[in-house]
> 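Dropping the structure in here first, questions after.
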Amino acid sequence: MKKIAATLMCGVMLTSFVLCGCQKPVESSEGTVSNIQTGETTAATDVEVNSDNFKKIKDLYDSKKPEGSLEVCVFLDGIRGEGGYLVREDSVYFDYSSMKGDSHISLDIDTVTNIVSVTFDLGYGETRYYGNAKVELTAVESLIDTLIDNPRAVPLFDDSAISDYEENLKEDLPVLYSRLIAFAEKAFPELDIGLEDLGIDLGDKYRSLDLTQLISSETEVKNEHKFVNGICSDCGMCWTEYYYDAIGKLDNDEDNTGRRLVYGQRTSTMMSTSDFVQCSADDKESAEVLYYGYGTKKENEESISCTIRCRKTKTGVDTRIRMDYEQNFYSLGQGIISSRYDYSLEIKADAGDYSKVFESKESFKKYAKVYLYIFDDDGVGDNAWDSKKDDDLKKEFEAEGYTYLTKDEALDFFWDQSQGMLASMDAGMIWLDTSLADMGVNWKK
């Protein structure tokens with residue numbers, strides 16, 4: 001069996017992650033520390049960063065820092081957006097980004113001066129409300145109060161949103177800051193401490209806000225249908241139609257009649273903080289959910305993905321699952337990347353029958369078809385298991401620095417990874433108010 005590498009898709013996925021993942025820190029402008037309430041320049045207070053906790057956080061960051069990314073991402077199930085942190089030699093940077101990535105608040109805590117550089121950047125269409133202020137460890141909440149009262153209270157890099165969206169940003173800023181506080185409290189679960197354990201005070205005023213309330217650029221999608229194996233039992237609507245409409249609503253893109261795409265919630269069920277879920281549809285008759293991750297090696301060495309496709313048929317829906325474990329990436333030229341090795345698994349079952357597929361490893365193996373494609377320099381691959389022996393393949397893989405998996409070991413690997421990927425895909429669809437079971441992929445026991 002021959003196969004042409006899906007190199008273009010791979011390139012798109014890697015690019016998409018760069019656009020949607022944790023943000024790199026915004027470098028703040030130079031300036032003095034100001035007492036926001038009086039406008040007078042002041043000396044720093046006696047409050048200092050906790051050096052012991054800073055060392056703990058620095059050690060944690062050094063142990064977790066993902067390859068090719070500056071930030072370690074922080075997730076809170078059920079809360080839109082995500083947090084992220086990075087630790088330099090003398091500072092801690094923490095960022096909260098809204099789900100669409102159009103609004104941010106970040107704190108850059110200097111452990112030497114005990115000063116916090118607060119950057120805020122709220123997007124409204126083509127306009128922004130973007131600025132920075134440096135405050136004492138205990139004055140961040142006061143800064144937020146001041147900005148809500150007077151958005152021009154500090155020097156701004158971009159004030160183009162104020163004229164048309166001043167009331168929006170005054171309502172959005174408290175919600176964004178309350179989410180930042182919530183993510184900051186859970187920033188370092190391995191240490192059982194939060195950002196404030198460094199000595200920064202984020203205040204109490206905004207902690208009681210409803211973290212699920214929407215900012216002005218966010219849309220709530222409500223599913224009023226009762227889908228059974230991909231078809232609504234009340235009105236007969238196909239799930240693919242709902243999915244296409246829901247993506248358009250969530251992304252405020254309902255006028256687009258072509259391909260629609262949003263990124264899902266990222267959760268602790270993922271293998272890595274670099275992984276993501278992508279929800280997309282070309283039209284009302286087709287749908288796709290993708291989980292994409294980077295495995296245990298560097299991002300340019302391997303990837304793991306699960307793609308579930310659903311198509312409307314005359315009698316219901318057709319659903320298929322594909323999982324790929326790709327290794328040893330190389331360039332085909334013109335910015336196109338392919339993997340040299342691709343363990344590829346396919347599962348086809350009737351909608352509603354996936355509970356049988358995933359009821360046990362033995363059942364999973366019975367339904368699954370698995371291949372090992374090895375691609376040449378032109379991106380054309382053959383199923384190596386059709387023509388090569390395990391011993392020869394093992395030598396080839398080991399010569400390139402990779403561990404070879406036999407067909408049975410590959411099936412074990414995919415089974416072990418499937419539960420986390422499927423759980424992440426379900427969680428990733430929360431803002432579309434639907435699930436894999438609605439599609440007919442009832443994988444949970």
Side-chain angles (χ1 to χ4, degrees), residues 1 3 5-6 9-10 13 227-231 238-240 242-244 247 261 263-264 267 269-271 275-282 285-293 295 302-313 315-326 339 342-373 383 385 405 407-429 432 434-445:
M1 179 183 291
K3 177 184 171 187
M9 173 174 285
C10 180
M13 294 309 159
F227 288 105
V228 179
N229 299 335
I231 302 297
C238 181
W239 180 83
T240 58
Y242 169 83
Y243 188 71
Y244 186 76
I247 293 175
L261 182 152
Y263 291 94
T267 70
T269 56
M270 293 179 167
M271 290 175 282
D275 299 0
F276 64 87
V277 170
Q278 178 179 285
C279 304
S280 63
D282 292 329
E285 296 187 351
S286 61
E288 181 178 293
V289 187
L290 166 73
Y291 177 100
Y292 193 88
E302 73 173 29
S303 69
I304 301 172
S305 63
C306 178
T307 305
I308 302 180
R309 293 186 174 92
C310 179
R311 292 197 63 85
K312 181 180 179 180
T313 68
T315 58
V317 294
D318 177 89
T319 58
R320 299 168 188 265
I321 297 177
R322 174 175 161 175
M323 300 179 190
D324 288 278
Y325 178 35
E326 299 181 80
S339 60
D342 180 8
Y343 298 92
S344 185
L345 175 143
E346 298 174 2
I347 294 175
K348 173 69 175 74
D350 292 334
D353 283 350
Y354 283 91
S355 58
K356 300 176 184 177
V357 175
F358 292 99
E359 66 181 359
S360 67
K361 182 190 291 188
E362 291 70 26
S363 181
F364 176 82
K365 289 184 175 183
K366 184 176 69 175
Y367 277 90
K369 295 180 180 179
V370 63
Y371 311 92
L372 170 58
Y373 295 105
N383 180 21
W385 284 325
L405 302 179
K407 182 179 290 189
D408 201 53
E409 288 171 339
L411 284 166
D412 286 339
F413 173 83
F414 282 121
W415 168 256
D416 292 341
Q417 303 300 330
S418 66
Q419 304 301 298
M421 289 193 289
L422 293 170
S424 298
M425 295 165 91
D426 260 331
M429 301 167 73
L432 298 170
T434 188
S435 66
L436 296 178
D438 285 348
M439 184 202 301
V441 182
N442 52 332
W443 65 278
K444 295 181 182 179
K445 294 180 180 179

> Quick one, Gln278 with Leu261, criterion side-chain contact (heavy atoms from CB on, under 4.5 Å). Give me CA distance, side-chain angles, the key distance, then yes/no.
CA-CA 7 Å; Gln278 178 179 285; Leu261 182 152; 3.5 Å; yes

> Considering all heavy atoms of both residues, which atom of Ser305 and which atom of Leu290 are nearest to each other, and what is their separation?
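Heavy-atom minimum between the residues: CB-CD1, 4.2 Å.
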
> Start with the C-alpha distance between Tyr292 and Asp275, add both sets of side-chain angles, then the distance that settles side-chain contact (heavy atoms from CB on, under 4.5 Å), and finish with yes or no.
CA-CA 6 Å; Tyr292 193 88; Asp275 299 0; over 6 Å; no

> Flag the pair Trp239 / Ile231 as yes when at least one side-chain heavy-atom distance between them is below 4.5 Å, and no otherwise.
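They are not in side-chain contact.
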
> To the nearest 0.5 Å, tell me how far Ser280 OG sits from Tyr244 OH.
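It comes to 11.0 Å.
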
> For Thr319 versus Cys310, what's the shortest heavy-atom pair and its separation?
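Shortest heavy-atom contact: CG2-SG, 3.9 Å.
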
> Are the side chains of Phe364 and Ile347 in touch, meaning some heavy atoms are under 4.5 Å apart?
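Heavy-atom side-chain distance check passes, below 4.5 Å.
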
> I want to check something: taking the side chain as every heavy atom from C-beta on, are Lys348 and Asp318 in contact at a cut-off of under 4.5 Å?
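Touching, per the 4.5 Å side-chain cut-off.
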
> Short question: side chain of Asn383, backbone of Leu372 - any donor-acceptor pair under 3.5 Å?
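Side chain of Asn383 to backbone of Leu372: a pair is present.
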
> Do the side chain of Asp342 and the main chain of Glu326 share a donor and acceptor less than 3.5 angstrom apart?
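Looks like no, no N/O pair under 3.5 Å.
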
> Is the side chain of Asp324 donor-acceptor paired with the backbone N or O of Ser344 at a distance under 3.5 Å, no angle test?
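No; judged by distance alone, with no hydrogens or angles, the pair does not exist.
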
> Would you name the heavy atoms of Thr269 and Ala423 that are closest together and state the gap between them?
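What the structure gives for the nearest pair is OG1-C, 4.1 Å.
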
> Cut-off 3.5 Å, no hydrogens considered: what does the side-chain donor-acceptor table look like for residues 412-421, sequence neighbours left out?
unit_1 : atom_1 : unit_2 : atom_2 : d
Asp412 : OD1    : Lys365 : NZ     : 2.8
Ser418 : OG     : Trp415 : O      : 2.8

> Considering all heavy atoms of both residues, which atom of Leu405 and which atom of Trp385 are nearest to each other, and what is their separation?
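Closest approach of Leu405 to Trp385: O-CZ2, 3.7 Å.
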
> In the structure I gave you, are the side-chain heavy atoms of Val289 and Met439 within less than 4.5 Å of one another anywhere?
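Side chain of Val289 against side chain of Met439, heavy atoms only: contact under 4.5 Å found.
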
> I'd like to know if the side chain of Ser363 reaches the main chain of Lys356, judged simply by a donor and an acceptor atom lying under 3.5 Å from each other, with no hydrogens or angles considered.
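Yes; at least one donor-acceptor contact below 3.5 Å.
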
> Can you tell if the side chain of Ile321 reaches within under 4.5 Å of the side chain of Trp443, non-hydrogen atoms only?
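Sidechains of Trp443 and Ile321: no contact.
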
> Counting C-beta onward and ignoring hydrogens, is there a side-chain heavy-atom pair between Met323 and Tyr343 closer than 4.5 Å?
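Heavy-atom side-chain distance check fails, nothing below 4.5 Å.
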
> Any side-chain heavy atom of Asn229 within less than 4.5 Å of one from Val317?
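They are not in contact (no side-chain heavy atoms under 4.5 Å apart), so the answer is no.
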
> What's the verdict on side-chain contact (heavy atoms from CB on, under 4.5 Å) for Lys444 and Leu436, showing C-alpha distance, side-chain angles and the deciding distance?
CA-CA 10 Å; Lys444 295 181 182 179; Leu436 296 178; over 6 Å; no

> Rounded to the nearest 0.5 Å, what separation is found between the CD1 atom of Ile308 and the OH atom of Tyr291?
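If I round to the nearest 0.5 Å, the distance is 13.0 Å.
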
> Could you give the distance from OG (Ser286) to NZ (Lys312), rounded to the nearest 0.5 Å?
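Result: 11.5 Å between the selected atoms.
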
> For the residue pair Cys279 and Tyr243, establish whether any side-chain heavy-atom pair is separated by less than 4.5 Å.
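They are in side-chain contact.
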
> Inspect the contact between Glu288 and Arg309 and indicate whether a charged nitrogen and a carboxylate oxygen are less than 4.0 angstrom apart.
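Result for this pair is yes, salt bridge flagged.
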
> Under the side-chain contact (heavy atoms from CB on, under 4.5 Å) criterion, do Val441 and Met425 qualify, and how do the steps go?
CA-CA 11 Å; Val441 182; Met425 295 165 91; over 6 Å; no

> Ignoring hydrogens, what is the shortest heavy-atom contact between Val357 and Ala349? Give both atom names and the distance.
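The pair with the smallest heavy-atom distance is CG2-CB, 4.0 Å.
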
> What's the shortest heavy-atom distance between Ala368 and Leu411, and which atoms?
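Reported closest heavy-atom pair: CB-CD2, 3.9 Å.
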
